[in-house]
Enquirer: 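The following block contains the structure, expressed as structure tokens.
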Amino acid sequence: NDAVNLLSTSGNGSGQITSYEWDVQGNGTTDYTTPSASHVYGTFGQYSAELKLVDNLGCTDSLTKVVTVHPNPDAEFFVPPVCFKDGSQFIDSSDVALGNIHHWIWDFGDGNGHEDSLSGGAPSPGTLYQFSTPGSQNVSLYVETDSGCTDSKLRTIGVYYLPVANFTADTACDNVATQFSNTSFTQSGVVNQFVYLFGDGDSAFSGNAQHDYSSSGMFNVTFMVESN
């Protein structure tokens with residue numbers, strides 16, 4: 001929480017001010033005895049702050065003002081995991097106990113960012129961003145309320161590497177099965193789904209497969225993989 005700065009602008013009358021008594025909680029207790037004070041309130045709300053003065057002639061005066069303490073927002077967001085070259089959908093879930101968040105600044109950690117302001121009474125839904133490289137990304141969100149209170153959140157998110165599909169196949173003769181062997185890899189997770197399209201209308205759904213072609217010739221084989 002930010003400190004509230006209290007400053008006496010009182011002037012001397014017939015005598016000189018010799019005593020300052022600040023009751024910043026409005027509970028009858030003197031909290032500070034200096035011309036100015038800095039106080040951190042534990043919770044937001046409205047407080048009656050009273051300043052009592054005494055001069056060298058024994059004369060007194062007092063003044064009470066209402067101090068309004070606004071709540072800090074709680075910056076928060078989440079993003080579903082994505083694969084490289086797909087856009088990351090950032091979803092803002094920031095909140096504030098009283099008032100509204102009206103300003104959002106996204107920092108994607110790669111020199112790029114995005115800024116939103118409250119428009120038409122609708123809060124920011126987040127933003128869609130495509131990272132130029134896969135791997136871990138440090139993303140921060142800064143929010144500000146209509147009272148000028150701020151908060152920020154830093155998260156490390158993952159942009160998964162794309163798998164690299166590859167296979168080998170031996171050369172076969174008529175009526176001899178061709179052996180297809182998976183050599184695919186990925187830097188994120190494991191490759192766990194496979195589809196061979198053998199070029200003759202048949203297919204297989206395992207990493208290593210055998211296929212018996214019914215005729216000789218050249219066949220264009222397509223191999224598709226997916227990671228977890």
Side-chain angles (χ1 to χ4, degrees), residues 73-95 101 103-117 119 122-143 151-228:
D74 181 19
E76 187 57 272
F77 67 93
F78 68 95
V79 54
V82 296
C83 297
F84 180 49
K85 296 186 178 179
D86 291 337
S88 295
Q89 179 62 63
F90 291 87
I91 301 173
D92 169 50
S93 57
S94 304
D95 193 21
I101 297 174
H103 197 195
W104 298 258
I105 298 177
W106 299 88
D107 182 350
F108 299 118
D110 58 359
N112 294 312
H114 181 77
E115 188 168 356
D116 281 318
S117 293
S119 177
S124 168
T127 187
L128 185 69
Y129 183 72
Q130 182 174 322
F131 289 95
S132 59
T133 57
S136 296
Q137 313 290 340
N138 293 319
V139 179
S140 62
L141 170 63
Y142 168 93
V143 297
D151 190 30
S152 62
K153 184 73 173 185
L154 173 66
R155 283 194 178 280
T156 300
I157 69 167
V159 178
Y160 297 144
Y161 287 83
L162 296 177
V164 178
N166 202 9
F167 69 93
T168 60
D170 59 10
T171 301
C173 301
D174 285 345
N175 300 318
V176 177
T178 301
Q179 178 66 47
F180 293 86
S181 299
N182 167 49
T183 58
S184 305
F185 65 92
T186 181
Q187 296 185 58
S188 298
V190 295
V191 180
N192 64 348
Q193 295 190 52
F194 313 89
V195 177
Y196 283 102
L197 302 178
F198 294 120
D200 62 353
D202 285 342
S203 59
F205 299 91
S206 60
N208 301 315
Q210 289 185 338
H211 183 63
D212 190 354
Y213 287 95
S214 59
S215 62
S216 60
M218 300 292 292
F219 298 90
N220 293 320
V221 178
T222 299
F223 186 38
M224 296 174 287
V225 300
E226 182 177 329
S227 68
N228 61 348

Enquirer: Might you point out which heavy atoms bring Ser93 and Phe78 nearest each other, and give the distance in Å?
Expert: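 That closest heavy-atom pairing would be OG-CD2, 4.4 Å.
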
Enquirer: Restricting to non-hydrogen atoms, name the atom on Leu128 and the atom on Gly87 that form the minimum distance, rounded to 0.1 Å.
Expert: CD1-C, 3.7 Å

Enquirer: Mind checking side-chain contact (heavy atoms from CB on, under 4.5 Å) for Asn208 and listing every partner two or more places apart, or none if nothing turns up?
Expert: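 If we apply the side-chain contact (heavy atoms from CB on, under 4.5 Å) test to Asn208, skipping adjacent residues, the hits are Gln179, Ser181, Asn182.
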
Enquirer: For Phe131 and Phe108, which heavy atoms make the closest approach, and how far apart are they?
Expert: CE2-O, 3.5 Å

Enquirer: How long is the span from the OG atom in Ser136 to the OH atom in Tyr160, to the nearest 0.5 Å?
Expert: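 Here the interatomic distance stands at 10.0 Å.
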
Enquirer: So does Gln130 get a backbone contact from the side chain of Ser88, meaning a donor-acceptor N/O pair under 3.5 Å?
Expert: no

Enquirer: Is there a donor-acceptor contact under 3.5 Å linking the side chains of Tyr129 and Asn112?
Expert: yes

Enquirer: Is Thr183 reaching over with its side chain to a backbone N or O of Asn166, donor-acceptor style, under 3.5 angstrom?
Expert: yes

Enquirer: Less than 4.5 Å apart, side chain to side chain, heavy atoms only: is that true for His103 and Ile105?
Expert: yes

Enquirer: Return yes when atom CG of Asp170 has more than 12 non-hydrogen atoms of other residues, nucleotides or ligands closer than 6.0 Å, and no otherwise.
Expert: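 Enclosed: over 12 neighbouring heavy atoms sit under 6.0 Å from CG of Asp170.
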
Enquirer: Is a side-chain donor or acceptor of Asp107 paired with a backbone partner of Ser140 at a separation under 3.5 angstrom?
Expert: no

Enquirer: Looking at Thr178, is its backbone amide N or carbonyl O close enough to the side chain of Tyr213 to form a donor-acceptor pair, meaning the two atoms are under 3.5 Å apart?
Expert: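 No; judged by distance alone, with no hydrogens or angles, the pair does not exist.
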
Enquirer: Compare all side-chain heavy atoms of Asp200 with those of His211 and state whether any distance is below 4.5 angstrom.
Expert: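 Asp200 reaches His211 side chain to side chain.
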
Enquirer: So, taking the atom named OG1 in Thr186 and the one named CD in Glu226, what distance separates them when rounded to the nearest 0.5 Å?
Expert: 11.0 Å

Enquirer: Which pair of heavy atoms, one from Ala165 and one from Val225, lies closest together, and at what distance?
Expert: CB-CG2, 3.7 Å

Enquirer: Before you tell me yes or no, could you show the steps for Phe194 and Phe167 under side-chain contact (heavy atoms from CB on, under 4.5 Å), namely the whole-Å CA-CA distance, both residues' side-chain angles and the distance that decides it to 0.1 Å?
Expert: CA-CA 11 Å; Phe194 313 89; Phe167 69 93; over 6 Å; no

Enquirer: Determine whether a donor-acceptor pair (N or O, by modelled atom type, separation under 3.5 Å) exists between the side chain of Tyr196 and the backbone of Gly207.
Expert: yes

Enquirer: How far does CZ of Phe77 sit from CD of Gln89, to the nearest 0.5 angstrom?
Expert: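 It comes to 12.5 Å.
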
Enquirer: Ignoring hydrogens and angles, tell me if any N or O in the side chain of Asp74 forms a donor-acceptor pair with the backbone of Asp95 under 3.5 Å.
Expert: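 Not confirmed, Asp74 side chain does not pair with Asp95 backbone.
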
Enquirer: Within a strict 4.5 Å, meaning less than it, do heavy atoms of the Leu141 and Phe90 side chains meet?
Expert: no

Enquirer: For Cys83 and Leu162, which heavy atoms make the closest approach, and how far apart are they?
Expert: CB-CD2, 3.9 Å

Enquirer: What I'd like to find out is whether the side chain of Asp92 reaches to under 4.5 Å of the side chain of Trp106, using heavy atoms alone.
Expert: yes

Enquirer: For Ala75 and Lys153, which heavy atoms make the closest approach, and how far apart are they?
Expert: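 Of all heavy-atom pairs spanning Ala75 and Lys153, the closest is O-CB, 3.5 Å.
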
Enquirer: Does the side chain of Thr127 come within less than 4.5 Å of Trp104's, by heavy atoms?
Expert: no

